[in-house]
Each structure stands twice: as structure tokens, then as C-alpha cells.
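Remarks on the structure that follows.
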Amino acid sequence: MGTSRMFHIFVILGSIFMILLIIIYWDDVGASHLYLHTPVSPGPKIPHPPAPPKPQTSRTPSFLSDIDAFVNQFLEPGTGEPTDPVPHDTSNQSEKVEERYIPRQEWKVHLTPVAAELRERQEQRRKLLQEMCANDSIAFPGKNRSFDDIPNKELDHLIVDDRHGVIYCYVPKVACSNWKRIMIILSESMLRDGVPQRDPLAIPRDLVHNSSMHFTFNKFWKRYGKFAKHLMKVKLKKYTKFLFVRDPFVRLISAYRNKFEMRNEDFYRRFAQVMLRRYGNQPTPPSTVDEAFTVGIHPTFPHFIQYLLDPQTEKDMPYNEHWRQVYRLCHPCQIQYDFVGHLETAEEDAEHLLRQLRVDNVVEFPTSSRNLTASSWESDWFSTVPVEARRQLYKLYEPDFRLFGYERPESILNE
Ligand SMILES: *[C@@H]1O[C@H](CO)[C@@H](O)[C@H](O)[C@H]1NC(C)=O
Ligand SMILES: *[C@@H]1O[C@H](CO)[C@@H](O)[C@H](O)[C@H]1NC(C)=O
Ligand SMILES: *[C@@H]1O[C@H](CO)[C@@H](O)[C@H](O)[C@H]1NC(C)=O
Ligand SMILES: *[C@@H]1O[C@H](CO)[C@@H](O)[C@H](O)[C@H]1NC(C)=O
Ligand SMILES: *[C@@H]1O[C@H](CO)[C@@H](O)[C@H](O)[C@H]1NC(C)=O
């Protein structure tokens, strides 16, 4: 009696153990698929030219990374998931989708390698970031903290695409609408006639900036609870991370032109009225942006700079993202970016990046025909700003200048 019961228990325990082994093994196999780009057409394997180091395939075969993959796979499938190939829709439409859905194609064949000059450029930008982060004589708030110490709400600029293993830190006023469009296309969450939208410019502007379109790191808490920070670190290790930056002062001019020289009700009420009251001698500024433009009242560029330098500004709330420093938006000393684009070389960098991400067959970077703020206007714009204010402003943005290799604008600061 006793021995047969023992035997039963033994058999059951043994079976459970076997099943666990199978699951773990299976997951390991499945997980490597998860990180690889699934080649679709059965055509011949095309050797990919100068394969840039792909973080998502370099799995260290440690027990911990298996656990990571294991956790990942269970947590991935969910509602509105970026990894979901067929977005939720009416059954009618999804039938159509299945029938007409053309999955990602083979990687584009490149007969020439990425120009050595471009690779060198990236190498230098990454090296500069590392040096600046390691150099104690360059200090800024939050530089020394660890990734775990970054508050959740400060991770809201990191957009994650699990399909292609990409993380993009968006910096407003640095071609961010177009890169956000590309992230939407890569996520394949937007359909046109049942197939994923491929034309970046066909995505309407208000949709591009609607945060519900993007899966950002700060949303991890809601979905993954206490696993969130752990998962973020796994993804940061495996995915390709990129950002685009530009000359910090030119970015400020661009922000001013875009938000205060054009009619923008929201920015008028939140910021322009404050500037007019504080520095513009307007105790009761017009109540709407239309009224203000009709009577020709708007904050000047020096008012805007004064607003940035006013200690009261950050006491009220952190800088708006359009003028917040890149080091505060993207945490370049906690996150090791694989690719640092500059707006000044946007087209070359975009082409290089899309190729490095192996999505240049899926999407093209839209060329901009807008009247971009040019660096050459800088001295004109700053001519009305007192020299002392310019120097203080430089102090505020110095980390961005140093981290990303923009020269100190001597001609503006030494007058
Ligand atoms: C399915 O879609 C077609 C057009 O695409 C429409 O004519 C038809 O009524 C739809 N059927 C259902 C059940 O919604
Ligand atoms: C750190 O930065 C300072 C100031 O810019 C510079 O003089 C120094 O050479 C740098 N140190 C290293 C190790 O790069
Ligand atoms: C960061 O740490 C270094 C030494 O490790 C220290 O010299 C520096 O003052 C610290 N910076 C800040 C902003 O805390
Ligand atoms: C963003 O999109 C969601 C759903 O697509 C919608 O409910 C919401 O109103 C949009 N928000 C804005 C600010 O347009
Ligand atoms: C671009 O804008 C600047 C200043 O706002 C203006 O001087 C210039 O003529 C514009 N260029 C074009 C091509 O519209």
C-alpha cells in the first residue's frame, strides 16, 4: 500500500519535472525566434553586408537571460500588442488582412557597405558620449544616478518597438514627428486597406503625437508591475537604441518660432501669457491667441530666454519637453545609445540608421521641405539677448553641447 502510493507520487513528480524541462527548452528555442527577424520568403539566404553588431541576437547563454526570455514570452502577448501581427479589428477586416497581409520581406540587398565615413562618425559620437559620462569635470543633475533611480515619469520619451527590437528616444524639435511616424509604421499598428501603412507622411499629425499610438517605457509599470524595471533593462540590453539631437541653441530658436511665432492656443495659454505678464509689461494679456495676434502682442525671443533663466520657471514645473535639455529627456549616461543622429546630417544619418535597423526595405525617411531653422541665423536671433543672459543660457545647456559634440558658440558668448 505505502510503497505503491510512494511510487505514484514519484511518477507524478517525475512527470512534472519533465514537463518543466520541456517548457524551458521550448521557450529557449521560441525566444531566439522572438528576437530574430523572421525571414519570410523561402528564397535563398542573402548574406547581409557589414552586419552591425545586433544587440538583440547576441544572447549570452546564461541562466538569467533564459529567465528573461521566459518572462518576456509570457508577458508579450496582450491587448494592442506591438508584437501582434494582425491588429485587433472587426472579424471581417481581419479576414481580409490575413488574406492580403504581406509580412516583412527579405532584407534589402546592398552591394556596397555603409560608407566608412558614416560608421566612423557613429563610432566617434558614441565614444564622445562615453568619455563625457566618465569625465567627472562634466557634471549635471542626475548624471551619477543609476538607471534604477530614474523616476518612471522621466522615461516617457523612450518609445519601444518589440517587432524590430528598436528603442527611440524622441527629442521634440529634432525631426521627432518623422521619427515617430517611422516608429508607428514599424509597429504595423496602423492599417490602410487592410495592409500596414507604409507611407510616413500619410499618418496625420495629431495621431503622430497622440501618446496612445506609442508604447513608451513609462507605460511598463501599468502593464508589467514589478517586472517593469527588469524588463526595461533586458530590452535596453538587447535592442538597438537611437536618438537624434541638434545644436541646443538652434533647437531653442526652432521651439520659439514654432510655438510662439505661430498661433498655438495651448502654448499661448500655458507659457506666452506667463512671459507677457512677467517680462512683457502686460498685467492682463489678451485671453486668446487670436486676440493677441490681432493686436500684435506676443512674447519676444528675449522674453523666452528670460523665462528659461528665471528660477521661478522650474519651481512651477519642469521645462516643457520642447525646450527641456536632451540629457534630461534621454538619460545618455544611463542608456548606451547605439546610434546618435544629428539633425545637421539628418538625411545621411537616417539612411544609415534605417539600414542598420534592417528596415530600409519597409520605410523611407521622409525628406523635409519645411523652412528649417538654420544655424546661420543664430547670431541674428541672439543679437537682442543680453550677453550675460546668453552666457547663463549656455551654462544651462552646456551638458547637451558637450555630450553631443556641439562647439561652444564663441561668437555669441564673447561680445
Ligand atoms: C465585410 O466587408 C465587406 C466590404 O469589405 C462588406 O460588403 C460586408 O458587408 C462586410 N461583412 C460583414 C459581415 O461585416
Ligand atoms: C574631462 O573634461 C575636462 C574639461 O573639459 C578636460 O580638460 C579633461 O581633459 C577631460 N578628462 C578626460 C579624462 O577626458
Ligand atoms: C558624481 O560622482 C563624482 C565622483 O564619483 C563626483 O566627483 C561628482 O561630484 C558627482 N556628481 C554629482 C552631480 O553628484
Ligand atoms: C488619442 O487617441 C485616443 C484613441 O485613439 C483618443 O481616445 C484620444 O482622444 C486621443 N487623444 C488626443 C489628445 O487626441
Ligand atoms: C524661412 O524663414 C526665414 C525667417 O523666418 C525667412 O527669412 C526665409 O525667407 C524663409 N525661407 C523660405 C524659403 O521660406
Side-chain angles (χ1 to χ4, degrees), residues 35 37 52-56 81-83 122 125-126 129 147 150 152-190 196-198 200-201 203 205 207-220 231-246 251 321-322 324-343 345-360 362-366 368 400 403-404:
Y35 293 116
H37 299 267
K54 292 215 325 139
Q56 61 264 48
E81 195 51 47
T83 44
Q122 282 307 315
R125 288 178 188 168
R126 278 196 307 264
L129 265 183
F147 180 73
I150 300 175
N152 189 40
K153 63 175 189 303
E154 291 182 25
L155 297 170
D156 59 345
H157 280 64
L158 293 156
I159 301 178
V160 183
D161 173 35
D162 287 314
R163 272 183 161 271
H164 303 84
V166 180
I167 294 173
Y168 165 47
C169 182
Y170 71 91
V171 179
K173 301 317 301 165
V174 191
C176 111
S177 306
N178 282 340
W179 283 108
K180 279 181 170 178
R181 286 187 165 100
I182 287 184
M183 293 305 281
I184 291 175
I185 288 177
L186 293 185
S187 74
E188 297 183 13
S189 58
M190 223 184 122
Q197 176 64 263
R198 285 284 176 83
L201 295 178
I203 305 173
R205 227 190 142 66
L207 209 57
V208 170
H209 294 290
N210 185 328
S211 72
S212 73
M213 289 303 291
H214 301 284
F215 187 44
T216 43
F217 262 2
N218 60 321
K219 296 179 183 169
F220 271 49
L231 262 184
M232 284 178 204
K233 285 200 271 190
V234 171
K235 291 183 194 230
L236 281 174
K237 206 159 110 197
K238 296 183 173 174
Y239 290 3
T240 305
K241 304 157 291 292
F242 77 96
L243 83 170
F244 268 75
V245 296
R246 79 192 289 186
R251 178 169 167 241
E321 59 172 5
H322 290 84
R324 199 179 312 158
Q325 293 90 336
V326 178
Y327 75 83
R328 293 167 68 187
L329 296 172
C330 296
H331 319 290
C333 289
Q334 285 79 21
I335 295 172
Q336 290 196 348
Y337 286 94
D338 302 285
F339 192 100
V340 182
H342 281 197
L343 192 73
T345 51
E347 285 188 21
E348 284 170 346
D349 288 354
E351 203 184 320
H352 181 189
L353 175 63
L354 292 177
R355 211 170 137 173
Q356 182 168 335
L357 298 176
R358 303 186 176 194
V359 296
D360 53 339
V362 177
V363 70
E364 263 182 43
F365 189 74
S368 178
D400 279 1
L403 286 164
F404 301 109

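Source: prediction; values computed, not measured.
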Any side-chain heavy-atom pair from [X] and [Y] closer than 4.5 angstrom?
X    : Y    : result
V363 : R198 : no
L186 : R163 : no
V326 : L403 : no
K241 : L236 : yes
L201 : N178 : yes
I159 : I167 : no
V208 : C176 : no
P172 : H157 : yes

Contact summary for [X] and [Y], nearest pair of heavy atoms:
X    : Y    : value
V166 : L357 : CG2-CD2, 3.9 Å
C169 : L243 : O-CB, 3.6 Å
V340 : Q122 : N-OE1, 2.9 Å

Is there a donor-acceptor pair closer than 3.5 Å between any side-chain N or O of [X] and the backbone N or O of [Y]?
X    : Y    : answer
K219 : H214 : yes
N152 : N218 : yes
Y337 : C330 : yes

ask   = Do other residues, nucleotides or ligands put more than 12 heavy atoms under 6.0 Å from the CD atom of E364?
value = no
ask   = For atom CD of E348, is the number of surrounding heavy atoms from other residues, nucleotides or ligands below 6.0 Å larger than 12?
value =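 Atom CD in E348 is packed in, count exceeds 12.
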Look up atom [atom1] in [X] and atom [atom2] in [Y], then write down how far apart they are to the nearest 0.5 Å.
X    : Y    : atom1 : atom2 : value
I185 : I203 : CD1   : CD1   : 4.5 Å
E188 : D161 : CD    : CG    : 8.5 Å
D400 : R251 : CG    : CZ    : 7.0 Å
R125 : H342 : CZ    : NE2   : 4.0 Å
M232 : L158 : CE    : CG    : 9.0 Å
R181 : H209 : CZ    : NE2   : 7.0 Å

Name the orientation class of the two ring planes belonging to [X] and [Y] (parallel below 30°, tilted from 30 to 60°, perpendicular beyond 60°).
X    : Y    : result
H352 : F339 : perpendicular
W179 : F242 : perpendicular
F244 : F365 : parallel
Y170 : Y168 : tilted

CA sep, side-chain torsions, deciding dist, call: R246, V171, side-chain contact (heavy atoms from CB on, under 4.5 Å) = CA-CA 9 Å; R246 79 192 289 186; V171 179; over 6 Å; no
request  = For the residue pair D338 and Y239, confirm or rule out a side-chain donor-acceptor distance under 3.5 Å.
outcome  =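 There is no such pair between these side chains.
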